[in-house]
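Here is how names work: the chains are called A, B, and so on, in the same order as the sequence lines, proteins then strands, and each is numbered from 1.
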There are 2 protein chains.
Amino acid sequence: MRMSELGATSGVAVATIKFYLREKLLQPGTRVSANQSDYTVRHVERLRLIRAITEVGGLSVASAAQVLAAIDSDEGLQKTFAVAQRVVSAPIQPEDVDDDAVARIDAVLEGWRVSPDNPGRLAAATVLTTFEGVGQFAARGWFERYAEAALLVAEADLDEVDARADRTAKTETVVVGTVLGDALFSGLRRAAQEHVSAVRYSPGERA
Amino acid sequence: MRMSELGATSGVAVATIKFYLREKLLQPGTRVSANQSDYTVRHVERLRLIRAITEVGGLSVASAAQVLAAIDSDEGLQKTFAVAQRVVSAPIQPEDVDDDAVARIDAVLEGWRVSPDNPGRLAAATVLTTFEGVGQFAARGWFERYAEAALLVAEADLDEVDARADRTAKTETVVVGTVLGDALFSGLRRAAQEHVSAVRYSPGERA
């Protein structure tokens, strides 16, 4: 299909498609004449993926380019996961994180195989420092119970990846799941908080 | 203590403290002369709370003002939860969300007491639409398993709130937990993903 049809089919403006081509988020079409290229359904799918990770996932174009490059590479799944995780995580410098907080998060994650520079480990330690810095304390195992729930979610993530047929499908699921999973979980957590509040504080009523 | 000492004790610049006073995030001190006020340890604690929810939680000053007003009000816990949830959630208009996706999320949350305008319910429906729009499908119960984990996390959240002594402490925990909980969970999820990947794909090695 021509550029104009690619725009109409994907719902993405032609100017935006040209921008994605320049930024190499979208592979070039097959050149059929001096000023025309042919695009396929793969281009439509890629455009949808770009919009999902930038609009719903909130990634910058530069970050989107990094995760798309990971999908297109021959890297193994663990490497693709690492790239996707780094891109969706706010950058944290290890030297900005309190050593004692990191040690306490490591105690929560005892037995987990997590590398020292895992962005999530440092993010969790930052939350611990902030939480206690405002006078809060975990009286009912808040951190340990979150870690248990995170393990269930990670198993669900990996089970979806395992169910995909080939490497390309698996890495796409890694990227989409990593980017969208945060939004899904925080949404469901808000629904669950309302439900649990209603059960505890208004047991007689129905929503 | 005087303004300068409040700055030194809290680690917040005096110009920033004056800005928070103007924006009513921080209550005024007790006036002791025409151009001096006296501040207490409560002001130091409030400054730490403002920084936690704006810097680690990523809230705007306007959003922070809303949740702090909820803490300072006489509203019940369910109302405070609702305010905190709305403030930390990206605004979604119900008419922008696909009805079929909402119905399918409602099926996932069957038996939960969730109001129609719960921001998390609509956010989850948006994720479902986006997920399937890029050709993904949940082959291993991704949505249901996230919902189960979200319920565990919400129980942990409410247990912490229940463990607090009085209304002010409970509402502070509601706000801090709602704001920081997303960052904590997404961090622990990344650590869990690395752990589960390592166990599945490199069973012989140790991290």
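- Exactly one residue among Gln193(A), Glu194(A), His195(A) makes a side chain to side chain donor-acceptor pair (under 3.5 Å) with Asn118(B). That residue is Glu194(A).
- Interface summary for chain A: among Leu184(B), Leu188(B), Ile105(B), Val134(B), the most heavy-atom pairs under 4.5 angstrom belong to Leu184(B).
- Chain A forms the most heavy-atom pairs under 4.5 Å with one residue out of Ser89(B), Gly135(B), Pro119(B), Ala183(B), and that residue is Ser89(B).
- Both the backbone and the side chain of Tyr146(B) come within contact range of chain A, each with at least one heavy atom under 4.5 Å from a heavy atom of that chain.
- Ranked by non-hydrogen atom pairs under 4.5 Å with chain A, the options Leu180(B), Val179(B), Leu47(B) are led by Leu180(B).
- For residues 168-176 of chain B, the interface with chain A (any heavy-atom pair closer than 4.5 Å) comprises Glu172(B), Thr173(B), Val176(B), sorted by residue number.
- Looking at Leu128(B), neither its backbone nor its side chain comes within 4.5 Å of chain A, counting heavy atoms on both sides.
- Inspection of non-hydrogen atoms places Ala147(A), Ala149(A), Ala150(A), Leu151(A), Leu152(A), Val153(A), Ala154(A), Glu155(A), Ala156(A), Asp157(A), Leu158(A), Asp159(A), Glu160(A), Val161(A) of residues 147-161 of chain A under 4.5 Å from chain B.
- When all heavy atoms of Val114(A) and Ala191(B) are compared, the closest pair comes out as CG2-O, 3.5 Å.
- Taking Glu132(B) as the reference, Arg104(B) meet the side-chain hydrogen bond (donor to acceptor under 3.5 Å, both in side chains) condition, with sequence neighbours excluded.
- Both the backbone and the side chain of Ala138(B) have a heavy atom closer than 4.5 Å to some heavy atom of chain A.
- Rounding to the nearest 0.5 angstrom, the gap separating the OG1 atom in Thr130(B) from the CD1 atom in Ile53(A) is 12.0 Å.
- In this structure, Val88(B) and Arg190(A) have side chains that are in contact, with non-hydrogen atoms separated by less than 4.5 Å.
- Side-chain contact of Arg164(A) with Gln136(B): a donor-acceptor pair under 3.5 Å is present, judged by distance alone.
- Taking a cutoff of 4.0 Å between a charged side-chain nitrogen and a carboxylate oxygen, Asp162(A) and Arg140(B) do not qualify as a salt bridge.
- Ser197(A) places none of its side-chain heavy atoms less than 4.5 Å from the side chain of Arg113(B).
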Just list the side-chain donor-acceptor pairs under 3.5 Å for residues 15-27 of chain B, sequence neighbours left out, or say none.
none

